[in-house]
Amino acid sequence: MEMKIDALAGTLESSDVMVRIGTATQPGIHLLIDSIVKQLFGDAIERVVRETLMQLGVSQANLVVDDKGALECVLRARVKAADLRAAQQSQLQWSQL
């Protein structure tokens with residue numbers, strides 16, 4: 001899936017996460033994580049984000065994840081929503097979600 005515009009999903013409320021995603025000029029996923037639980041769960045957050053992007057077929061993007069203690073299911077949902085918005089997808093491909 002190709003990023004066409006910058007997009008975001010989520011909030012900065014407690015137990016949520018804001019994901020900003022956009023186009024990248026260099027190949028690969030460039031990920032910046034800011035989390036109140038980064039010391040404990042930073043590796044897990046990165047793994048979940050990268051797995052979700054891989055499932056959606058994203059190979060080139062810039063991401064900023066601002067986590068306020070979100071559960072894994074919330075993180076996955078926010079990454080998917082931001083990705084679909086950035087790719088300007090109007091028809092959801094449920095088999096990929």
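Only this structure's heavy atoms are used, side chains among them; waters, hydrogens and symmetry mates stay out.
If you take CD on Gln60 and CD on Gln26, they are separated by 9.0 Å, rounding to the nearest 0.5 Å. In this structure, CD in Glu72 is found 7.5 Å from OG1 in Thr52, a value given to the nearest 0.5 Å. If you take CD1 on Ile33 and CZ on Phe41, they are separated by 13.5 Å, rounding to the nearest 0.5 Å.
Evaluation of the side-chain contact (heavy atoms from CB on, under 4.5 Å) rule for Ile5 yields Gln88 as partners, not counting sequence neighbours. Scanning for side-chain contact (heavy atoms from CB on, under 4.5 Å) contacts around Glu2 gives an empty result, with sequence neighbours left out. Not counting sequence neighbours, Ser59 has no partner by the side-chain contact (heavy atoms from CB on, under 4.5 Å) test.
Among residue pairs with one or both ends in residues 50-68, those qualifying as salt bridge (charged side-chain N to carboxylate O under 4.0 Å, His left out) are Glu46-Arg50, Arg47-Glu51, Glu51-Arg76, Asp66-Lys68; sequence neighbours excluded. Legend: salt bridge (charged side-chain N to carboxylate O under 4.0 Å, His left out) pairs involving residues 22-43, not counting sequence neighbours: none detected.
Grouping the Ile, Leu, Val, Met, Phe, Trp and Tyr side chains by contacts below 4.5 angstrom, directly or via other members, places Leu71 with Ile45. Residue Met18 is not grouped with residue Met3 when hydrophobic side chains (ILVMFWY) are merged at heavy-atom distances under 4.5 angstrom, including chains of intermediate members. No continuous path of hydrophobic side-chain contacts links Val64 to Ile21 [ILVMFWY only; heavy atoms under 4.5 Å].
Put simply, the side chain of Leu31 does not reach to within 4.5 Å of the side chain of Leu53, judged on heavy atoms. Annotation: side chain of Lys4 is not in contact with side chain of Thr23 (no heavy-atom distance under 4.5 Å). Between Leu32 and Val65, the closest side-chain pair of non-hydrogen atoms is not below 4.5 Å. No side-chain heavy atom of Asn62 sits less than 4.5 Å from a side-chain heavy atom of Ile29.
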Show the atom names and distances, to 0.1 Å, of all donor-acceptor pairs under 3.5 Å that link a side chain in residues 7-15 to residues at least two apart or in another chain.
unit_1 : atom_1 : unit_2 : atom_2 : d
Thr11  : OG1    : Glu13  : N      : 3.3
Thr11  : OG1    : Asp16  : OD2    : 2.6

Q) After noting the C-alpha distance and the side-chain angles of Leu63 and His30, does the key distance pass the side chain to side chain contact (heavy atoms under 4.5 Å, CB included) rule? A) CA-CA 6 Å; Leu63 278 96; His30 306 280; over 6 Å; no
